[in-house]
Amino acid sequence: MKRPFGKPATTHAQQVALLQQRGMVVDDPAAAEFYLQHLNYYRLGAYWLPFEADHSTHTFRPGTRFADVLNFYVFDRELRLLVLDAIERVEVSVRSQWTYQMAHRHGPHAHLDAALAFNGYHWQTNLNKLTDEVDRSDEVFIKHLKASYSEALPPIWAVCEVMSLGLLSRWYSNLKPMHTRSAIAAAYGVDQRVLESWLHHLSLVRNTCAHHSRLWNRDFTVTPKLPHSKPAGLAAQCQAGSRKLYNALVILLHCMDVIAPQHHWRARLKDLITRHAVPVAAMDFPAGWEQLAIWQENTP
């Protein structure tokens, strides 16, 4: 039976005192109050949870320091920004591939053709969402195309620029012509079903990052499909059955190697892990991950 919520609001000083009472070492209470003022006690709670010895009493393991909790938080924030950076580049690339293949195989307004969709209802839903995004856009090129031409929407190479990753994922998932699906996926050396799964998963990872939610040790409800025979060797770099972030990082590394061969994203990620000394097992990194081929530095 549910009961009324009876906990009162606490001051930042009271929050610091409560952490100390539960066994957390706070070297600088004034600094801790400052961080709680700007980060929120409830938000930081997700990062001290791994330090709890008993969750029912919220007592901490001996030696738990506020500075260690803050280090986890800062790491996770920087990780989200780094992951967003890679997803942005993958998103722009897939948009480009989708646009090129659709336009050349099915015409400049292929997105208006319901016959290209597996499911007509989903096509209409996606089209309505795309129309909303176009109507909300204040891009000069969108306004010009809408004012100049009679079609319901501008050509595909224009509308793709205001399309979200989630919508792009749903559009690709509902795309019927197998030769077009395969041509888009071929740019990344994977099967079309694998790319479909990757786009779905990465859109969820992106949303987690964009909403400033905890990323580093999160369990994802939707996991990416792992490749089989192509590209050769990539499946061995992944963790079968994992719901953590590791496989998404491998996918991003593979895609970055394809679309930006001279990138420094791999080195930046490894440096971030080293600087904050976080336990990567919480992201399902395998033992000896540094020796796997996907983690070796790319040479221009």
Side-chain angles (χ1 to χ4, degrees), residues 80-81 83-188 190 192-193 195-213 222 224 248 251-252 255-256 258-260:
R80 288 195 303 271
L81 294 174
V83 168
L84 272 177
D85 174 55
I87 290 179
E88 175 205 344
R89 289 192 264 186
V90 173
E91 177 181 350
V92 169
S93 173
V94 177
R95 275 187 196 170
S96 180
Q97 296 297 328
W98 178 75
T99 296
Y100 186 89
Q101 297 298 338
M102 289 283 282
H104 282 268
R105 293 169 183 270
H106 309 289
H109 290 86
H111 49 302
L112 302 181
D113 188 354
L116 299 178
F118 280 119
N119 184 296
Y121 174 80
H122 291 159
W123 172 83
Q124 187 63 60
T125 300
N126 292 338
L127 184 65
N128 292 344
K129 178 63 176 175
L130 180 59
T131 301
D132 289 343
E133 293 186 1
V134 168
D135 288 344
R136 284 198 306 268
S137 174
D138 59 2
E139 294 285 358
V140 173
F141 67 89
I142 290 290
K143 292 180 179 179
H144 166 71
L145 290 165
K146 286 176 65 179
S148 301
Y149 300 99
S150 60
E151 286 81 7
L153 287 174
I156 196 167
W157 50 76
V159 297
C160 78
E161 292 299 321
V162 297
M163 176 181 279
S164 68
L165 178 58
L167 183 53
L168 177 62
S169 169
R170 293 192 294 275
W171 212 291
Y172 183 79
S173 177
N174 198 35
L175 181 60
K176 187 175 182 179
M178 196 57 58
H179 62 289
T180 307
R181 292 173 61 93
S182 296
I184 296 168
Y188 311 98
V190 298
Q192 51 86 21
R193 283 294 183 191
L195 180 62
E196 177 184 337
S197 169
W198 286 7
L199 292 176
H200 188 188
H201 178 67
L202 290 178
S203 68
L204 299 179
V205 175
R206 183 212 169 276
N207 289 344
T208 298
C209 296
H211 290 96
H212 324 303
S213 300
V222 174
I251 290 167
L252 290 173
C255 291
M256 288 289 287
V258 170
I259 67 180

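In this chain, residues are counted from 1 in sequence order. As a basis for the values below, the full set of heavy atoms in this structure was taken, side chains included, without hydrogen atoms, waters or symmetry mates.
From M102, atom CE reaches atom CH2 of W171 across 7.5 Å, with rounding to the nearest 0.5 Å. Atoms CG and CG, on D113 and L127 in that order, are 11.0 Å from each other to the nearest 0.5 Å. Put simply, CG on L153 and OG1 on T131 are 4.0 Å apart, with the number rounded to the nearest 0.5 Å. With rounding to the nearest 0.5 angstrom, the CD atom of E161 is 7.5 Å from the OG1 atom of T99. For the atom pair S164 OG and E91 CD, the distance stands at 7.5 Å (nearest 0.5 Å). Note: R206 CZ to L199 CG = 13.5 Å, rounded to the nearest 0.5 Å.
Nearest heavy-atom pair across G166 and S203 is CA-CB, 4.0 Å. The nearest pair of heavy atoms linking V258 to A187 is CG1-O, 3.3 Å. When every heavy atom of E133 is checked against every heavy atom of M163, the shortest pair comes out as OE1-CA, 3.3 Å. The two residues V90 and L202 come nearest to each other via the heavy atoms CG1-CD1, 4.4 Å. The two residues F141 and A158 make their nearest non-hydrogen contact at CE1-O, 3.7 Å. Of all non-hydrogen atoms in L195 and A185, the two that sit nearest each other are CD2-CA, 3.6 Å.
A heavy-atom distance below 4.5 Å is found between the side chains of I184 and L175. A 4.5 Å side-chain heavy-atom check between D138 and K143 finds at least one atom pair inside the cut-off. In this structure, W98 and I156 have side chains that are in contact, with non-hydrogen atoms separated by less than 4.5 Å. In this structure the side chain of W198 reaches within 4.5 angstrom of the side chain of C255, judged on heavy atoms.
With sequence neighbours excluded, the residues forming a ring-ring contact (aromatic ring centres under 6.0 Å, His included) with H201 are F220, listed by chain and number. Under the side-chain hydrogen bond (donor to acceptor under 3.5 Å, both in side chains) criterion, Q124 pairs with N128, sequence neighbours left out. Residues passing the side-chain hydrogen bond (donor to acceptor under 3.5 Å, both in side chains) test with S137, sequence neighbours excluded: none. In terms of the side-chain hydrogen bond (donor to acceptor under 3.5 Å, both in side chains) criterion, residue partners of S93 (sequence neighbours excluded) are, by chain and number, Y188. Residues satisfying the salt bridge (Lys or Arg N to Asp or Glu O under 4.0 Å) test with D85, not counting sequence neighbours, are R89, R268.
For the pair S148 (side chain) and H144 (backbone), a donor-acceptor distance under 3.5 Å is present. When atom types are taken as modelled, the side chain of S182 and the backbone of M178 share a donor-acceptor pair closer than 3.5 angstrom. For the pair R105 (side chain) and T180 (backbone), a donor-acceptor distance under 3.5 Å is absent. A distance-only check finds a donor-acceptor pair linking the side chain of T208 to the backbone of L204 [under 3.5 Å]. Between the side chain of W123 and the main chain of H111, a donor-acceptor pair closer than 3.5 Å is present. With H106 contributing its side chain and L116 its backbone, the two residues share no donor-acceptor pair below 3.5 Å. A donor-acceptor pair is defined here as one N or O able to donate and one able to accept, closer than 3.5 Å; no such pair exists between the side chain of S169 and the backbone of L165. The closest donor-acceptor contact from the side chain of N174 to the backbone of A117 lies at 3.5 Å or more, if one exists at all. Of the possible polar contacts, none joining the R95 side chain to the L168 backbone as a donor-acceptor pair under 3.5 Å is found.
No more than 12 heavy atoms of other residues, nucleotides or ligands lie within 6.0 Å of NE2 in H211, so this atom counts as exposed by the packing criterion. In F118, the CZ atom is crowded: over 12 heavy atoms of neighbouring residues, nucleotides or ligands sit closer than 6.0 Å.
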Using the side-chain contact (heavy atoms from CB on, under 4.5 Å) rule, take V205 and L252 through it: C-alpha gap first, then chi angles, then the decisive distance, then the call.
CA-CA 11 Å; V205 175; L252 290 173; 5.8 Å; no
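Within the structure, salt bridge (Lys or Arg N to Asp or Glu O under 4.0 Å) pairs that include any residue of residues 168-187 comprise R181-E196 (at least two apart or interchain).
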